[in-house]
Amino acid sequence: GIPIITFDSAAATDLPVSFIATDNIEAGEKAGRELGRLIQDHPRKQIAIVSHIQETATAIEREAGVRKSLPADQIIGTWFIDVDPEKAYRTTLELLKNPELGGIVALNEVATLGVARAIEEQEAHHDVLVVGFDNAIRELLYLEEGVIKATVVQRPYNMGYLAVKTAVEFLSGERIEDFIDTGSVLITRENMFHREYQELLFPFDESE
């Protein structure tokens, strides 16, 4: 008799009365579209997907979004790194041996950091364009340095706020949605310091 509201990660159950999270298919589409735009005039056309854990909802949906936004024959495959940055790094080193590889989409923070480390070490950021996910401080440094070209950032504040708001509304007898999309934003080197994205990317004021 206790209502359950979940947020961020889906659960394989019908018990929750509402799920508050990023629309991961749409987020994957944003990443894929951006890499497709970047690679359009690039001499190398092949694209690899580096994902986190096979058969998890976020991995499945983000990959589906990426594949939806890019030509099927341009994607050479998906590599899973089991949320291990070292495996992401080693996987990328192997991928870089392909002279036709022009882009990588990395589907979470760990994958992005491992991919970017290999790209930076091999000085391959002009040859292989990277679009990642999330906004760890190191990722933002890679973005500023041009090692990665863009990253899709979720809105965790929205998730927390809307989860509590939805719980209150449900207990008040209001109608609530089964799924509430909290949105995502494509961040690039050009827009990362725009005022509208400051609280999203840099939420903590160290002076306080």
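No experiment lies behind these values; they were computed from the predicted model shown. Sequence positions, counted from 1, serve as the residue numbers for this chain.
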In residues 104-114, what donor-acceptor pairs under 3.5 Å come from side-chain atoms, sequence neighbours left out?
unit_1, atom_1, unit_2, atom_2, d
Asn108, OD1, Val110, N, 3.3
Asn108, OD1, Ala111, N, 2.9
Thr112, OG1, Asn108, O, 2.8
Thr112, OG1, Phe133, N, 3.1

task: Please assess Glu144 against Phe193 for the test side-chain contact (heavy atoms from CB on, under 4.5 Å), listing each intermediate value before the final yes or no.
output: CA-CA 10 Å; Glu144 190 173 6; Phe193 293 113; 3.9 Å; yes

message: Could you see if Tyr142 belongs to whatever hydrophobic cluster contains Val153? Use Ile, Leu, Val, Met, Phe, Trp, Tyr and a side-chain cutoff under 4.5 Å.
response: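 The answer is yes; both residues are in one hydrophobic cluster.
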
message: Would a single hydrophobic cluster contain both Val147 and Leu96, if residues Ile, Leu, Val, Met, Phe, Trp and Tyr are joined by side-chain heavy-atom contacts under 4.5 Å?
response: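 Yes, Leu96 connects to Val147 through the hydrophobic network.
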
Which atom pair, heavy atoms only, marks the closest approach of [X] to [Y]?
X: Ser51; Y: Thr78; answer: CB-CG2, 4.0 Å
X: Leu93; Y: Ala118; answer: CD2-CB, 3.9 Å
X: Thr188; Y: Ala150; answer: CG2-CB, 4.0 Å

Drop me the distance from [X]'s [atom1] to [Y]'s [atom2], to the nearest 0.5 angstrom.
X: Thr58; Y: Ile25; atom1: OG1; atom2: CD1; value: 12.0 Å
X: Asp82; Y: Ile53; atom1: CG; atom2: CD1; value: 7.0 Å
X: Leu201; Y: Glu139; atom1: CG; atom2: CD; value: 10.5 Å
X: Arg62; Y: Asn24; atom1: CZ; atom2: CG; value: 4.5 Å
X: Ile187; Y: Glu34; atom1: CD1; atom2: CD; value: 11.0 Å
X: Glu55; Y: Phe80; atom1: CD; atom2: CZ; value: 8.0 Å

Who passes side chain to side chain contact (heavy atoms under 4.5 Å, CB included) against [X], sequence neighbours left out?
X: Ala10; value: Phe19, Ala57
X: Asn98; value: Gln46, Ile76, Glu100, Leu101
X: Ala88; value: Ile81
X: Arg90; value: Glu86, Lys87

Over 12 foreign heavy atoms within 6.0 Å of CZ, Phe7: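 Result for CZ/Phe7: open.
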
query: Within a reach of under 6.0 Å around CD of Glu196, are more than 12 heavy atoms found that belong to other residues, nucleotides or ligands?
result: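 Yes.
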
Validation row: Val50, Leu95 side chains within 4.5 angstrom (heavy atoms):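 A side-chain contact under 4.5 Å exists here.
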
field: Thr13 and Pro16, any side-chain heavy atoms less than 4.5 Å apart
entry: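 Yes. Closest side-chain heavy atoms under 4.5 Å.
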
- request: Among Ile, Leu, Val, Met, Phe, Trp and Tyr joined by side-chain contacts under 4.5 Å, find the other residues sharing a cluster with Ile4 and list them by chain and number.
  value: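 Once heavy-atom contacts under 4.5 Å are chained together, Ile4 belongs with Leu15.
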
Distance-only check: which donor-acceptor pairs under 3.5 Å involve side-chain atoms of residues 166-174, not counting sequence neighbours?
unit_1, atom_1, unit_2, atom_2, d
Thr166, OG1, Leu162, O, 2.6
Glu169, OE2, Lys165, NZ, 2.5
Ser172, OG, Val168, O, 2.8

query: With Asp134, which residues qualify under side-chain hydrogen bond (donor to acceptor under 3.5 Å, both in side chains), at least two apart?
result: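 For Asp134, the residues satisfying side-chain hydrogen bond (donor to acceptor under 3.5 Å, both in side chains) (neighbours in sequence not counted) are Gln154.
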
- prompt: Got a donor-acceptor contact below 3.5 angstrom from the Glu26 side chain to the Gly65 backbone?
  reply: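 Not a single qualifying donor-acceptor pair exists.
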
- request: Determine yes or no for a side-chain-to-main-chain donor-acceptor pair under 3.5 angstrom, with Lys45 supplying the side chain and Ile39 the backbone.
  value: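 The answer is yes, because a donor-acceptor pair under 3.5 Å joins these two groups.
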
task: With sequence neighbours excluded, give me every ring-ring contact (aromatic ring centres under 6.0 Å, His included) pair touching residues 33-61.
output: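 Counting only pairs at least two positions apart or across chains, no ring-ring contact (aromatic ring centres under 6.0 Å, His included) contact touches residues 33-61.
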
Which donor-acceptor pairs under 3.5 Å do the side chains of residues 119-130 make with protein atoms, sequence neighbours left out?
unit_1, atom_1, unit_2, atom_2, d
Glu121, OE1, Tyr89, OH, 2.9
Glu121, OE2, Tyr89, OH, 2.6

query: Tyr197 ring centre to Arg195 NZ or CZ under 6.0 Å, with the angle to the axis within 45°?
result: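 Here Arg195 fails the 6.0 Å and 45° test against Tyr197.
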
- prompt: Which residue pairs pass the salt bridge (Lys or Arg N to Asp or Glu O under 4.0 Å) test with at least one member in residues 66-79, sequence neighbours excluded?
  reply: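 Passing the test, one end in residues 66-79: Glu29-Lys68, Glu63-Arg67.
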
Show me, pair by pair, the donor-acceptor contacts under 3.5 angstrom made by side chains of residues 177-184, not counting sequence neighbours?
unit_1, atom_1, unit_2, atom_2, d
Glu177, OE2, Arg175, NH1, 2.9
Asp181, OD1, Asp23, N, 3.0
Asp181, OD1, Gly183, N, 2.9
Thr182, OG1, Ala21, O, 3.3
Thr182, OG1, Thr22, N, 3.4
Ser184, OG, Lys30, NZ, 3.1

- request: Let me see the working for Val152 and Val185 under side-chain contact (heavy atoms from CB on, under 4.5 Å), right down to the final yes or no.
  value: CA-CA 6 Å; Val152 178; Val185 179; over 6 Å; no

task: Could you check Thr151 against Val131 for side-chain contact (heavy atoms from CB on, under 4.5 Å), going step by step and ending with a plain yes or no?
output: CA-CA 5 Å; Thr151 185; Val131 174; over 6 Å; no

